[in-house]
Amino acid sequence: MKTAKWLESIIPSPTLAVNQKVMELKSKGKKIISLVVGEPDFETPEFIKNAAIEALKKNYTKYTETQGIIPLREAICEKLKRENGLNYEPSQIIVTCGAKQAISTDLEKVATTKTKVLILNNPSNPTGVLYNKDELLKISEWCLNKGIVVISDEIYERIVFSGRKFVSVASFSDAIYNNTITINGLSKSHCMTGWRMGYAAGPKNIIKAMSNFQSHFLSHITTFVQYASVEALKNDSFIPKMVIAYEERINTTIELMKKYMPLSECVAPDGAFYIFPTVNKYYGKSCDGKTIKNSVDMATFLLEAANVAVVPGLAFGMDNNIRLSVATSLEEIKDGLAKIGQALGKLK
Ligand SMILES: Cc1ncc(COP(=O)(O)O)c(C=O)c1O
C-alpha cells in the first residue's frame, strides 16, 4: 500500500524525534544523558492518580460530551477566573488531547488564506523568556488592529522564577479577550504529560467550531482522565517546590556553561525549564575529520562524542542554538555539562 504524497511531507516533531533516538540508543544499552525532554521529571501527584482510580471504580468509562464533562469545564472556568482574571463559561471551553492538539485544531479551523494567527508562547519554549504586561499589551493591540487572532499558549504559566509575574493576554480588555484563544493544560503544571489533558478557552463560535471538528476525529479525551483532572485543578500546592528546583537547575546550568561552553551565550530564562544557548561560535571547528556546520551537526556531535542528547535549535527555526532541558536531576545536568565540555574541548 502506498502513502499519499501529502502524508509523506509530514515530518515528525523534531524534539520527539530526538527523544525517540535517545530511547533507541538506551534500549541498546548505551548510557545517554538526555537534556531533551520537555516534561517534568517529577511524578504525577498521588491524589491525581487516586482520583483516576476512583473514577475507574465508579465506571466513568463511557463516552462524554465532546467539549469535556461539565464539572471539568466548570473547574477550568474557576481556575481561569482565580488565577488569570478571565471570565469564561463552560460553553467557551473545550478539553483537548493535550495543549498541542488545541493549538493545531485552532489553526485548522481559524486560519484561512485571509486570516492570520499569531501564536504567542509565554513563557517561551525554547528560550524561557517571559513577556511583561507592557510587551504583551503592545503585541495584542497590534494584532487587534491588524485583524490578527492571538493564540496564547500559556502551558508554562506556573513555571516562572522568583519575582516574575505571569499575566494572561486575554485579561487586558474586552476587545483583546474577544480576539484571543487561550491554550493551557495540565502536562507541565501537574506533571501529567502522558495523560493528554489540555484545553482551549475563547469566543463561543470558535470553541463550537473546534468541538464540531473534534467530534469527528477524537470524540473527547479519555473519560476517567477528565474526572481526575477535576481533582487536579483543585490543588496546586506542590507546584512552588518544583519551580524552586527548576530555577536552581537553571542557575547551576548557566554557571557550568561558563566553564564548559565558553563560546556560548544565552538569555537567562525567566521560566519554563529550558536554556537555549548559542553554539555558532563552534561552527567551522572539526573533530575526527567531521566539521560542525550547524545545530544538527552539533547535536549529533554531542550525542556521539559526549553521549549527551540535546535538541538542535533548527527545530525552533534558530540554527545558531541548541536547546537544553533541565527537567532532569542536578546530578545528570552536572555530569552532562562536564561531558559536553570535554567533547567541545576536542573541537579544533
Ligand atoms: C509551548 C508548548 N505548548 C504546548 C506543548 C504541548 O503540551 P501538551 O502535552 O499539553 O500537548 C508543549 C510541550 O512541550 C510546549 O512546549
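Atoms within a ligand are numbered from 1 in the order they appear, just like the ligands themselves. Below, each value reflects all heavy atoms present in this structure, side chains not excepted, and no hydrogens, waters or symmetry copies.
- By the neighbour-count criterion of 12 heavy atoms within 6.0 Å, atom NZ of K21 is sparsely surrounded, having that number or fewer from other residues, nucleotides or ligands.
- Protein heavy atom closest to atom 10 (O) of ligand 1, with residue, atom name and distance, is A99 N, 2.6 Å.
- The protein non-hydrogen atom at the shortest distance from atom 6 (C) of ligand 1 is K100 N, 3.9 Å.
- Remark: of the listed residues N320, D319, N280, D319 is the sole one forming a side-chain hydrogen bond (donor to acceptor under 3.5 Å, both in side chains) with S295.
- Shortest contact from atom 13 (C) of ligand 1 to any protein heavy atom: K188 NZ, 2.8 Å.
- The pair K138-D134 does not meet the salt-bridge criterion, since no charged nitrogen lies less than 4.0 angstrom from a carboxylate oxygen.
- Residue-environment remark: CG (N205) exceeds the threshold of 12 foreign heavy atoms within 6.0 Å.
- Shown in contact with S187 at under 4.0 Å from a heavy atom are these atoms of ligand 1, numbered in order with element: 8 (P), 9 (O), 10 (O).
- Summary of contacts: the protein heavy atom closest to atom 2 (C) of ligand 1 is D153 OD2, 3.3 Å.
- With a heavy-atom cut-off of 4.0 Å, R196 touches ligand 1 through its side chain alone.
- Under the 4.0 Å criterion applied to side-chain N and carboxylate O atoms, K204 and E89 are assigned as salt-bridge partners.
- A salt bridge links K234 to E231: at least one charged side-chain nitrogen sits closer than 4.0 Å to a carboxylate oxygen.
- Remark: minimum distance from atom 15 (C) of ligand 1 to any protein heavy atom is reached at Y156 OH, 3.6 Å.
- Heavy atoms of G185 stay at 4.0 angstrom or farther from ligand 1.
- Heavy-atom proximity to N121, at under 4.0 Å, picks out these atoms of ligand 1: 1 (C).
- Look at K30 and E24 and you find no salt bridge, because none of the NZ, NE, NH1 or NH2 atoms lies under 4.0 Å from a carboxylate O.
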